[in-house]
Amino acid sequence: MKTSASYLEKVYPLRAGASYVIRAILPTDKERIIGLFNHLSPESRYLRFAHAISKLPDDFLEDVLDLDYQKEMALVAVIQTDDGQEEIIGIARYVTPSGQSACEFSLSVSDDFGALGIGTHLMQELISYAKSNQLSEMLGYVLSANHKMLQLVTELGFQIENMESDSEFNIVKLSLSSRS
Ligand SMILES: CC(C)(COP(=O)(O)OP(=O)(O)OC[C@H]1O[C@@H](n2cnc3c(N)ncnc32)[C@H](O)[C@@H]1OP(=O)(O)O)[C@@H](O)C(=O)NCCC(=O)NCCS
């Protein structure tokens, strides 16, 4: 059953006195998600999707906007543009395979807003939301060449393992149990 997200939006400082908001994704965010993708360099697209793509696949867009807000969740980082519109500058998402309690995350931040802590804050909020929805573990598949992402998740306490089946990837894991 679909329910609305119980996530309460939070405001974070950006630069030069500006701020951004982290909030749950909305069904009306489709064009803003496409806008974020258009602000990712070819390298960032490759690191996120593990292959070169020039356009977001339609089924990806449908999946990311159609969530149950418990076993599937997406948080977006949003700024106000000069003309008063919202622009999405980052997204963190998890999905949980049916019958499992370990969720799989993904993360993207606009190249124009890198190294400002946005990816870290999105992940911290996503981890906290997953914990509050009784998920047991968060995991992700990160290219071994993606040093920035591996550093980011290491600082968040994830364990990094080599994937035996594919040496190009690492699997990163964080226990979400209450004692961790
Ligand atoms: C990887 C990615 C998500 C990082 O996002 P980000 O918002 O730049 O990440 P952060 O700013 O939180 O952290 C990155 C760096 O900024 C530093 N940083 C964090 N807060 C900061 C702040 N307030 N001021 C300055 N620097 C800061 C961090 O220490 C980190 O530095 P390090 O690389 O030396 O450790 C982003 O580069 C991206 O979208 N890459 C392409 C997609 C991808 O690789 N996704 C992961 C696969 S799922």
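Counting starts at 1 for both ligands and their atoms, following the listed order.
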Flag: protein heavy atom within less than 4.0 Å of atom 28 (C) of ligand 1: no
N/O separation below 3.5 Å, L116 to ligand 1: yes
Nearest-0.5 Å distance, CD1 of residue I33 to OG of residue S108: 9.0 Å
Side chain, backbone, both or neither: the part of E155 lying under 4.0 Å from ligand 1 by heavy atom: side chain
Aromatic centroids of F60 and F49 separated by under 6.0 Å: yes
Is_contact(atom 4 (C) of ligand 1), protein non-hydrogen, under 4.0 Å: yes
Nearest-neighbour protein heavy atom for atom 11 (O) of ligand 1, which is reported as residue plus atom name and distance: G117 N, 2.7 Å
Side chain to side chain donor-acceptor pair (under 3.5 Å) partners of residues 92-104, not counting sequence neighbours, each pair once: S101-S136
Close-contact set for ligand 1 against L152 heavy atoms, below 4.0 Å: 4 (C), 9 (O), 12 (O)
Interfacing atoms of ligand 1 (cut-off 4.0 Å, heavy-atom, S108): 39 (O)
Under 3.5 Å donor-acceptor, T154 side chain and L150 backbone: yes
For atom 48 (S) of ligand 1, closest protein heavy-atom neighbour: L107 N, 3.6 Å
Identity and separation of the nearest protein heavy atom to atom 47 (C) of ligand 1: L47 O, 3.8 Å
Atom indices of ligand 1 within 4.0 angstrom of T120 heavy atoms, with elements: 10 (P), 12 (O), 13 (O)
Pick from K148, R93, E104: the one approaching atom 2 (C) of ligand 1 most closely through a non-hydrogen atom: K148
L36 backbone acceptor or donor facing S110 side chain under 3.5 Å: no
Atom 20 (N) of ligand 1 protein-contacted (non-hydrogen atom, under 4.0 angstrom): yes
Donor-acceptor pair, side chain of R48 and main chain of S106, under 3.5 angstrom: no
Per-atom contacts of ligand 1 with M149, taking only distances under 4.0 Å to non-hydrogen atoms: 1 (C), 46 (C)
The single option from I25, I22, L126 passing side-chain contact (heavy atoms from CB on, under 4.5 Å) against Y7: I22
Ligand 1 atoms in contact with G114 (distance to a heavy atom under 4.0 Å): 8 (O)
Validation row: V76, R23 side chains within 4.5 angstrom (heavy atoms): yes
Per atom 26 (N) of ligand 1, closest listed option by heavy atom (A92, A145, S44, A115): A115
Protein heavy atom at shortest distance from atom 38 (C) of ligand 1: V109 N, 3.8 Å
Taking atom 7 (O) of ligand 1 as the reference point, the nearest protein heavy atom with its distance: G119 N, 2.8 Å
Pairs meeting criterion ring-ring contact (aromatic ring centres under 6.0 Å, His included) with involvement of residues 128-165, two or more places apart: F105-F158
Proximal ligand 1 atoms for N146, defined as those under 4.0 Å from one of its heavy atoms: 43 (C), 44 (O), 46 (C)
Nearest neighbour in protein (non-hydrogen) for atom 35 (O) of ligand 1: Q151 CG, 3.1 Å
D68 side chain to E72 backbone, donor-acceptor under 3.5 Å: yes
Side-chain donor or acceptor of D166 paired with backbone N/O of E168 under 3.5 Å: yes
Distance (rounded to the nearest 0.5 Å) between L143 CG and M149 CE: 11.0 Å
